[in-house]
Amino acid sequence: QVQLVESGGGLVQPGGSLRLSCAASGRSFSNSVMGWFRQAPGKEREFVAAISWSDGSTTYFDSVKGRFTISRDNAKNTVSLQMNSLKPEDTAVYYCAADFDANMSWYQYEYDYWGQGTQVTVSS
């Protein structure tokens, strides 16, 4: 049974940093794509970043390019999202997701499994 468990959310001031982690278990992820999405109150869930587990290639939503970095640790079966220069508009629940068709997609319906989410609040 696939499980994705996010951690690392919290309250941070504008300009600060947070590192989110997603622990993946239940099957081999070696040929999957792992994505991070976020959903702010009253808004649609949106793509943030994705990484190919096999070759480490990445893609980012335009508004987070240069501020966020997605990475994976094959040995620990975790995917991380380093978020720097955080802005109030980054406030959302952040979700980790897995796509076993490895499409490197920005569309949430391409992803097969989801974590429960972790809250990130950027406020002074």
Side-chain angles (χ1 to χ4, degrees):
Q1 180 178 348
V2 172
Q3 279 196 313
L4 304 175
V5 180
E6 302 98 334
S7 60
L11 173 64
V12 63
Q13 291 188 344
S17 298
L18 276 177
R19 186 177 181 87
L20 305 183
S21 292
C22 173
S25 63
R27 62 175 283 182
S28 172
F29 289 80
S30 59
N31 294 315
S32 69
V33 164
M34 301 297 292
W36 284 97
F37 289 76
R38 65 187 182 187
Q39 188 168 19
K43 293 189 175 181
E44 296 286 323
R45 188 176 299 187
E46 67 178 12
F47 173 78
V48 176
I51 187 167
S52 167
W53 210 292
S54 59
D55 65 9
S57 58
T58 59
T59 183
Y60 294 91
F61 190 54
D62 289 349
S63 68
V64 307
K65 275 183 185 175
R67 299 190 299 123
F68 291 11
T69 303
I70 189 171
S71 61
R72 89 266 195 238
D73 184 329
N74 290 354
K76 295 182 179 179
N77 246 30
T78 60
V79 175
S80 297
L81 185 69
Q82 177 67 42
M83 305 187 294
N84 299 329
S85 302
L86 282 161
K87 306 174 181 180
E89 51 264 43
D90 294 317
T91 295
V93 177
Y94 283 70
Y95 298 90
C96 173
D99 171 16
F100 288 99
D101 291 324
N103 290 313
M104 195 64 89
S105 174
W106 286 28
Y107 298 101
Q108 58 178 312
Y109 52 79
E110 297 276 4
Y111 289 78
D112 309 296
Y113 296 93
W114 293 80
Q116 82 288 351
T118 185
Q119 176 70 47
V120 171
T121 303
V122 184
S123 174
S124 54

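In this chain, residues are counted from 1 in sequence order. Computed from heavy atoms alone, side chains included, the values below leave out hydrogens, waters and symmetry copies.
In this pair, F37 and Y111 present their aromatic rings perpendicular. The plane angle is above 60°, beyond the 30 to 60° band.
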Notebook entry, point to check: Where do N31 and S54 land on the side-chain hydrogen bond (donor to acceptor under 3.5 Å, both in side chains) test, with the steps shown first?
Noted result: CA-CA 6 Å; N31 294 315; S54 59; 5.3 Å; no

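With ring centers used as reference points, F47 lies 6.0 Å or more from Y60.
When every heavy atom of W114 is checked against every heavy atom of Q108, the shortest pair comes out as CZ2-O, 3.4 Å. Nearest approach of T58 to G56, heavy atoms of both residues: CG2-O, 3.4 Å. Annotation for S52 and R72: closest pair O-NE, 3.7 Å, computed over non-hydrogen atoms. The two residues D99 and M104 make their nearest non-hydrogen contact at OD2-N, 4.2 Å. Between V79 and W53, the shortest heavy-atom distance links the atoms CG2-CZ3, 3.3 Å. Here the shortest heavy-atom pairing between A92 and Q119 reads O-NE2, 3.4 Å.
The local environment of CD in E89 is crowded, with over 12 non-hydrogen atoms from other residues, nucleotides or ligands closer than 6.0 Å.
Summarising the geometry, atom OH belonging to Y109 is positioned 14.5 Å from atom CZ belonging to R45; distances are rounded to the nearest 0.5 Å. A distance of 7.5 Å separates OG of S57 from CD1 of I51, quoted to the nearest 0.5 Å.
Results of the side-chain contact (heavy atoms from CB on, under 4.5 Å) test with L18 over D90, L81, T118, L86 single out L86 as the only residue that passes.
A cation-pi arrangement is found for R27 relative to F100, the charged atom lying closer than 6.0 Å to the ring centre and inside a 45° cone about the ring normal.
Here D62 pairs with K65 under the salt bridge (charged side-chain N to carboxylate O under 4.0 Å, His left out) rule; sequence neighbours left out.
Looking only at distances, a side-chain donor or acceptor of E6 sits under 3.5 Å from a matching main-chain atom of G117.
By the 4.5 Å heavy-atom criterion applied to side chains, V33 and E110 are not counted as neighbours. Looking only at side-chain heavy atoms (C-beta outward), Y94 and M83 come within less than 4.5 Å of each other.
Residues in residues 73-124 take part in these disulfide (SG to SG under 2.5 Å) pairs, two or more places apart or across chains: C22-C96.
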